[in-house]
There are 2 protein chains.
Amino acid sequence: MRIIIDVPKRVDHEQRRRQIGEALLRIASTRGLQSATMREVAAEAGVSLRLVQYYFHTKEALLLAALAYLGEQLTERVSASIRALGPVTPRTVVYGTLTAVLPTDDESVRLTRAYTGFYTLVFSEPEMGERHGATYPDKLESLLARHIAAAQDAGEVAADVDPPLTAAALVALTNGLGSSVLGGQRNGAAALRILEDQLGRLFRAP
Amino acid sequence: MRIIIDVPKRVDHEQRRRQIGEALLRIASTRGLQSATMREVAAEAGVSLRLVQYYFHTKEALLLAALAYLGEQLTERVSASIRALGPVTPRTVVYGTLTAVLPTDDESVRLTRAYTGFYTLVFSEPEMGERHGATYPDKLESLLARHIAAAQDAGEVAADVDPPLTAAALVALTNGLGSSVLGGQRNGAAALRILEDQLGRLFRAP
DNA sequence: TCAATGATGATACGCATGTATCACATTTCG
DNA sequence: CGAAATGTGATACATGCGTATCATCATTGA
């Protein structure tokens, strides 16, 4: 019996899948995820409907793949935002992380719009959430909790704050602010002011 | 020319409309607003599809009416929650308001689910938001800002907090926590702990 | 009493969607 | 080489949706 590693012969499957997945994200960022029909995605990606079906047997597979791509982009943006703040300290990590996911510029608006689309999709199709695994907010919370605890040790944060509880509050606050921006209740700058007010209150030696 | 006040002859229109609108809210609370199709609403209300069309010429009219009913229920729950906390003080108003809209029990879960459905609907159909007028979070924020300022005058809240900024943060925090509960990230009790931690930090004489 | 109007039922229409099918071209490899 | 596998196109199918149409019965007012 021979072992055959059946590498795709003609085209790079992963590249095609990415091309199509990115097209879906583009639609989700502009017209909303509910407009991301198979036909619309095909048109946006510049391929035929058949090809979308070919590379993603079902729509759920397409959504899952696009969600993974979105996760990569979010992670990359958070990293870049932290790096841009100079030396890595607990404070810059917390600031950089939260401001990165707040919809303040074009890129973050796109990412937040797409992410919100997926998040609300899980409300109606909980199976998708299960198939996707650990949620992004969870990862954010544990990251922030660690750095808040570190800041506490350094005396930058009051000793009586509970890091996990506070990290959860910050993530929820940021998500809520993001929703209010997408909903047109306020703009990104106003949301940023609110977030920075809270962060300034937290990172203040007692 | 005679003026004819054409009161409905056979049935009470407002009652029928309410019956149908409540059916939609029930569906939105359980299966999600995207499952609230005209036919499903008709079945849930125990009437024929034709009747839903008759009392609401279009689906948007039905959604708008149901949203108004939901607003009434939310307002009623907030009032009841404040009353239940005993004497009306700035602190009880803030506590009562925010804990009322956090999905901690059956009723608040239902209300939050339905409200979230409408909120996310506005993401895709911004016209509906415009036709609906002032958003619920806006009203909550100004209410809370007033009471935070009052608490400040009474010395229950530190003098350096900005009431509007803080009120906005609290509402966003509560919305974010609500989303995390509906998304299955944590349960209502955990969300309540996070909210109370923040509130306890705010209402603390300096 | 009887025509007009209010209320309700049954059913059809047009459209969009996810998915499936059939056909054909191109490449690969024994 | 030539058959099998891979890649792509065109189109069909079944379903669910909001809405529209036609018909029927009950009530009302002159």
Side-chain angles (χ1 to χ4, degrees), chain A residues 1-21 23-24 27-28 31-67 117-118 121 124-125 127-128 131, chain B residues 1-21 23-24 27-28 31-67 117-118 121 124-125 127-128 131:
Chain A
M1 170 194 180
R2 292 180 41 208
I3 308 268
I4 303 187
I5 307 290
D6 205 7
V7 144
K9 309 302 159 53
R10 261 235 272 314
V11 309
D12 183 343
H13 269 219
E14 187 44 37
Q15 172 202 315
R16 271 254 190 285
R17 288 170 59 89
R18 212 167 205 102
Q19 168 190 2
I20 296 172
L24 184 144
I27 294 177
R31 276 164 288 168
L33 192 56
Q34 78 297 337
S35 298
T37 157
M38 298 288 260
R39 287 166 176 82
E40 293 267 348
V41 171
E44 174 73 28
V47 301
S48 74
L49 168 61
R50 180 67 181 85
L51 280 207
V52 180
Q53 288 186 270
Y54 185 72
Y55 291 103
F56 302 95
H57 296 39
T58 172
K59 185 175 187 183
E60 177 177 320
L62 169 57
L63 287 170
L64 248 20
L67 180 52
F118 281 101
L121 185 64
S124 36
E125 325 276 343
E127 323 107 14
M128 244 206 67
R131 263 192 272 288
Chain B
M1 170 194 178
R2 295 179 38 208
I3 308 269
I4 303 187
I5 309 290
D6 206 8
V7 145
K9 308 302 159 55
R10 261 233 274 314
V11 309
D12 182 344
H13 268 219
E14 186 47 36
Q15 172 203 315
R16 271 257 189 283
R17 287 170 59 90
R18 213 167 204 102
Q19 169 190 1
I20 295 172
L24 183 143
I27 294 177
R31 277 163 286 166
L33 193 54
Q34 79 296 338
S35 297
T37 156
M38 298 288 260
R39 287 165 177 84
E40 293 267 347
V41 171
E44 174 73 28
V47 301
S48 74
L49 168 61
R50 181 68 181 82
L51 280 208
V52 180
Q53 288 186 269
Y54 185 71
Y55 291 102
F56 301 95
H57 296 40
T58 172
K59 184 175 187 184
E60 178 177 321
L62 169 58
L63 287 170
L64 248 21
L67 181 52
F118 280 101
L121 185 64
S124 36
E125 324 277 343
E127 323 107 15
M128 244 207 66
R131 263 192 272 287

Enquirer: Find the distance A:R50:CZ to C:dT21:P and express it as a whole number of Å.
Expert: 11 Å
Enquirer: I need the CG-P distance between B:L33 and D:dC17, as an integer number of Å.
Expert: 13 Å
Enquirer: Please confirm whether the shortest side-chain N or O distance from A:T37 to OP1 or OP2 of C:dA16 is below 4.0 Å.
Expert: no
Enquirer: Mind checking A:F56 for me? I need base, sugar-phosphate or nothing, with any heavy atom below 4.0 Å counting as a touch.
Expert: nothing
Enquirer: Closest nucleotide of DNA chain D for A:Y54 versus for A:L49: which of these residues is on the 5' side?
Expert: A:Y54
Enquirer: If you compare every side-chain N and O of A:S48 against the phosphate oxygens of D:dT8 (OP1, OP2), does one of them come in below 4.0 Å?
Expert: no
Enquirer: What's the closest nucleotide to the A:T58 side chain, out of D:dT8, D:dC22, C:dT19?
Expert: C:dT19
Enquirer: Round to a whole Å and report the spacing from CD of B:Q53 to P of C:dT11.
Expert: 15 Å
Enquirer: Do B:Q15 and B:R18 have a side chain donor and acceptor closer than 3.5 Å?
Expert: no
Enquirer: Where do B:Q19 and B:R16 land on the side chain to side chain donor-acceptor pair (under 3.5 Å) test, with the steps shown first?
Expert: CA-CA 5 Å; B:Q19 169 190 1; B:R16 271 257 189 283; 3.3 Å; yes
Enquirer: Check this one for me: any side-chain N or O of B:H13 less than 4.0 Å away from OP1 or OP2 of C:dG6?
Expert: no
Enquirer: May I have the distance from B:L51 (atom CG) to C:dA10 (atom P), rounded to whole angstrom?
Expert: 11 Å
Enquirer: Would you please test B:E60 and B:R131 for side chain to side chain contact (heavy atoms under 4.5 Å, CB included) and show each step?
Expert: CA-CA 10 Å; B:E60 178 177 321; B:R131 263 192 272 287; 2.2 Å; yes
Enquirer: Taking donor-acceptor contacts at under 3.5 Å, does the side chain of B:R39 reach the base of D:dG16?
Expert: no
Enquirer: Starting at atom CD of A:E40, determine the distance to atom P of C:dT19, rounded to an integer number of angstrom.
Expert: 16 Å
Enquirer: Between P on D:dG18 and CG on B:L24, what's the gap in Å once rounded to a whole number?
Expert: 10 Å
Enquirer: Measure from NZ on B:K59 to C1' on D:dT19 and round the result to the nearest Å.
Expert: 12 Å
Enquirer: Could you summarise the pairing of DNA chain C as dot-bracket text, marking Watson-Crick and G-U pairs under 3.5 Å with ( ) or [ ] inside the strand and | across strands?
Expert: ||||||||||||||||||||||||||||||
Enquirer: For the side chain of A:Y55, starting at C-beta, report the closest nucleotide among C:dT21, C:dG18, D:dG7.
Expert: D:dG7
Enquirer: Between B:L62 and B:Y55, is the side chain to side chain contact (heavy atoms under 4.5 Å, CB included) condition met? List the steps.
Expert: CA-CA 8 Å; B:L62 169 58; B:Y55 291 102; over 6 Å; no
Enquirer: Below 4.5 Å, heavy atoms only, C-beta onward: do A:V41 and A:V47 meet side chain to side chain?
Expert: no
Enquirer: Return the minimal non-hydrogen interatomic distance between B:Q34 and A:S124, and the atom names on each side.
Expert: NE2-CB, 3.1 Å
Enquirer: Looking at residues at least two apart in the chain, or sitting in another chain, which of them share a side-chain hydrogen bond (donor to acceptor under 3.5 Å, both in side chains) with A:E44?
Expert: A:R26
Enquirer: Send over the distance from B:M38 CE to C:dG9 C1', rounded to a whole Å.
Expert: 16 Å
Enquirer: Would you say C:dA7 has OP1 or OP2 under 4.0 Å from some side-chain N or O of B:R16?
Expert: no
